[in-house]
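All remarks here apply to the structure that follows.
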Amino acid sequence: MTTSYNGKILRVNLTRGEVVPEKLDLNLAKKFIGGRGLGTKILLDEGVATVDPLSEENKLVYINGPMTGTNVPTGTRYMVVTKSPLTGMIASSNSGGIWGAKLKYAGWDAIIVEGKAKEPVYINIEDEKAEILPAKDYWGKTTETLIEEIHKIHPKASVLNIGPAGEKLSLIASIMNDTDRAAGRSGVGAVMGSKNLKAITVTASRSSIEPNDPTKLREVVSDCLKKIRENGVTSGGLPTYGTAVLINIVNNIGSLPTNNWQESYFDTADKISGETLKEEHLVKQGFCHRCPIGCGRVIDFKGRVIGGPEYEPIWAYGSNCGVDDLSAINEANYYCNEYGLDAISTPCTIAAAMELYQRGYITDDDCDGVPLIWGSSKAIVEWTKRMGEGSNQLAQLMAQGSYRLCQHYGVPEYSMSVKKQEMPAYDARGIQGIGITYATSNRGGCHVRGYMISPEVLGLPETLDRLTTEGKATWTKIFQDLTACIDSMGMCLFTSFALGAPEYAALLNAGTGTDYDADGLLEVGERIYNIERIFNKLAGMKAEDDRLPKRLTEEAIPAGPSKDEISKISVTLPDYYHVRGWVDAFPTTETLNRLGLDEEMLKEEALVE
Amino acid sequence: MIEVRLFASLRTGRDKIIKLDSNSFSVAGEVLKHLSIEAEEVAIYLINGRHSDLDAPIKDGDIIAIFPPVGGG
């Protein structure tokens with residue numbers, strides 16, 4: 001039967017220097033879809049949950065979804081799934097560009113990388129051919145230079161790479177692809193660095209994927225494109241202003257974290273908004289492969305045209321560091337891409353360092369001439385470079401993320417993180433549902449595991465009162481489960497502004513020959529969310545890891561439109577566990593049985609014994 | 001006085017911030033009409049940071065923020 005899976009996985013053992021093609025288990029693929037779901041299942045089955053994340057025993061799964069490479073809108077995305085060195089739990093970092101689609105066109109659904117090379121290497125894939133090649137000359141190179149060098153040898157290759165940050169095992173190192181797209185979160189770049197793997201280059205002769213039912217898929221795609229074109233967000237707001245259009249909205253509800261979450265309203269937010277980015281820096285929209293939306297920003301940067309920042313780094317370098325200088329933010333974001341640093345965790349760690357400086361824990365002697373002062377353009381640019389280079393002691397410490405930085409000074413409470421990963425750009429004191437997402441995200445502080453901002457701030461699909469708790473647990477669960485499906489299918493989450501579970505089920509069915517309805521698809525998402533939680537339990541997660549920083553539960557927002565608000569997570573979390581069928585943060589036997597996770601249950605029982 | 005803040009495409013041909021006499025308006029929808037903004041163009045309507053509808057009463061000192069359909073992540 002034709003399906004939009006290739007049916008093939010490439011296993012690369014760097015210790016032995018072997019590349020071995022394997023068959024994809026299509027029954028397993030149906031149960032976990034692909035991407036985030038299937039990647040987690042593979043790692044769980046191969047015993048990765050209990051290994052040291054930076055040891056030879058950890059594995060990296062670069063995995064497409066069944067929609068990757070098809071003509072489905074935004075069908076280009078891949079996931080990097082591994083055990084995170086930042087959180088010690090599951091990492092699944094998602095990226096667009098074209099690399100994922102190229103991997104699919106080359107004939108592979110996934111690459112599993114295991115072991116550790118003796119010296120720096122890269123993996124070169126040209127359709128069926130896969131080889132491990134020396135990368136000694138590439139070690140130390142930043143992204144743009146590296147790609148330039150690689151293109152001299154593989155002129156048509158799409159390049160996935162780490163920068164110097166990943167090589168130096170920064171726990172907030174990203175994996176870059178196609179120059180300015182990033183699988184940014186959870187320190188996945190450090191895992192590549194720990195294996196001496198600098199890059200994966202892919203060249204493909206094909207440029208399409210045959211689905212199970214081409215006629216049906218064309219019909220469903222046409223319907224989806226119509227919905228995307230008719231939706232105000234996907235056809236108006238995002239293409240015109242990019243994701244940073246959120247700056248003014250979130251600030252106007254008093255929930256834009258400012259100065260490391262000490263405040264939540266930034267007086268000069270408009271200077272760093274999507275509107276200002278468009279007026280003063282935008283050259284044109286940026287599109288990932290197969291994307292009809294084009295939220296990317298291609299900007300002018302000192303006379304060059306480069307990929308510009310998203311909402312998250314603009315906030316994190318901006319109000320969260322007290323900076324309203326968009327040119328400096330553009331520059332700092334560029335260095336994140338060049339050095340291969342997570343553009344959320346890096347600026348959030350600088351913000352934490354600024355608070356430590358404010359409180360006297362970090363002194364001028366530590367700062368080598370660039371004091372960590374709120375609002376300093378110079379500080380955000382220079383400290384990003386220093387973190388990427390590991391150029392002084394404090395920068396090396398900061399490159400391990402805000403939790404380890406603040407813990408070093410004995411005040412981990414100034415790290416605005418969950419499970420040691422920095423939280424993103426929405427204050428959960430002023431938006432109650434997103435607090436549940438942060439606290440329960442399997443990969444630590446994250447907004448795109450259940451984007452409650454949609455109903456609580458943007459009014460999509462309907463408006464929920466952002467300050468109340470009632471019903472939020474159920475909404476969060478549905479958003480989390482649907483997101484798990486979208487991430488596993490190889491599509492962009494932004495399509496969900498226009499599409500819902502029925503459309504995703506129809507796309508998946510036409511692509512792969514499954515027969516899911518909307519509820520059936522959501523159940524697959526629930527299965528994926530639960531299997532991630534089992535991975536985390538085996539990895540040593542405790543119930544108390546589902547928590548928000550004390551600042552959110554004990555310090556009310558001091559001023560602005562959400563003045564006096566505080567997180568009510570103590571009310572919403574028990575509701576959430578009830579809705580999920582979990583007790584003390586973990587699924588019950590009954591829940592696992594219902595989701596067909598019997599094998600995983602046995603693994604859990606083995607651990608208890 | 002009330003302060004009206006406009007964002008994204010609603011700024012085209014209009015100022016970013018407009019101050020209006022509060023005595024001239026009783027509900028939010030009247031402000032839209034005064035600014036020649038169609039209700040269909042508006043997705044988010046905030047009065048003092050709280051989501052409101054067009055029937056919501058307005059009073060002196062209110063800050064009104066108006067957004068077209070926008071999103072991100």
Side-chain angles (χ1 to χ4, degrees), chain A residues 231-238 240-255 264-265 270 273-276 278-279 293 295 310-312 314-315 424-426 430 447-448 451 453-454 456-460 463-467 492-494 496-498 560-563 565, chain B residues 1-22 25 27-73:
Chain A
N231 180 279
V233 176
T234 49
S235 72
L238 274 173
T240 310
Y241 297 98
T243 53
V245 74
L246 290 175
I247 289 278
N248 276 321
I249 301 172
V250 180
N251 195 48
N252 271 275
I253 59 167
S255 299
S264 217
Y265 184 81
D270 198 49
S273 65
E275 289 92 331
T276 302
K278 179 178 185 293
E279 274 168 33
I293 303 169
C295 72
E310 304 286 343
Y311 168 61
E312 290 293 339
I314 291 182
W315 154 74
Y426 313 88
H447 56 305
V448 286
Y451 192 62
I453 301 307
S454 240
E456 293 187 289
V457 179
L458 305 176
L460 299 168
T463 303
L464 301 181
D465 186 335
R466 64 187 171 87
L467 298 177
C492 175
L493 187 58
F494 289 173
S496 66
F497 288 121
S562 291
K563 185 176 186 303
E565 296 298 335
Chain B
M1 294 294 279
I2 54 171
E3 178 178 314
V4 183
R5 301 174 180 178
L6 300 178
F7 298 96
S9 56
L10 298 179
R11 287 179 173 179
T12 308
R14 301 183 185 95
D15 289 335
K16 292 179 187 176
I17 297 175
I18 300 159
K19 307 264 187 185
L20 297 172
D21 181 355
S22 56
F25 307 96
V27 296
E30 291 167 9
V31 175
L32 285 192
K33 201 171 174 191
H34 176 78
L35 296 172
S36 305
I37 297 171
E38 301 291 330
E40 301 78 58
E41 292 178 74
V42 176
I44 302 167
Y45 198 101
L46 305 175
I47 301 180
N48 303 323
R50 298 301 305 271
H51 290 72
S52 306
D53 56 37
L54 299 181
D55 299 328
I58 50 177
K59 61 180 187 313
D60 193 43
D62 279 349
I63 295 174
I64 298 174
I66 312 174
F67 300 85
V70 284

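Since this is a predicted model, take the numbers as computed values, not measurements. All chains are named by letter (A, B, ...) in the order of the sequence lines, taking the proteins before the strands, and each is independently numbered beginning at 1.
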[atom1] of [X] to [atom2] of [Y]: how many Å apart, nearest 0.5 Å?
X: B:Phe7; Y: A:Asp270; atom1: CZ; atom2: CG; result: 6.5 Å
X: A:Glu279; Y: B:Arg11; atom1: CD; atom2: CZ; result: 7.0 Å
X: A:Thr463; Y: B:Ile44; atom1: OG1; atom2: CD1; result: 8.0 Å
X: B:Asn48; Y: A:Asn252; atom1: CG; atom2: CG; result: 10.5 Å
X: B:His51; Y: A:Ile253; atom1: NE2; atom2: CD1; result: 6.0 Å

Please classify the contact of [X] with chain B as side chain, backbone, both or neither, using a heavy-atom distance under 4.5 Å.
X: A:Asp465; result: side chain
X: A:Leu493; result: neither
X: A:Ile453; result: neither

Of the non-hydrogen atoms in B:Gly49 and A:Pro561, which two are nearest, and what is the gap between them?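 Taking every non-hydrogen atom into account, CA-CB, 3.8 Å.
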
Highest number of heavy-atom pairs under 4.5 Å with chain B: which of A:Asn231, A:Val457, A:Thr234?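 Answer, by heavy-atom pair count under 4.5 Å with chain B: A:Val457.
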
Verify, without hydrogens or angle tests, whether A:Tyr241 (side chain) and B:Ser9 (backbone) share a donor-acceptor contact under 3.5 angstrom. yes

What verdict does the side-chain contact (heavy atoms from CB on, under 4.5 Å) test give for B:Phe67 and A:Asn248, after you've listed the backbone C-alpha separation in whole Å, the side-chain angles of each residue and the deciding distance to 0.1 Å? CA-CA 9 Å; B:Phe67 300 85; A:Asn248 276 321; 4.1 Å; yes

Interface moiety of B:Ala8 toward chain A, non-hydrogen atoms closer than 4.5 Å: both

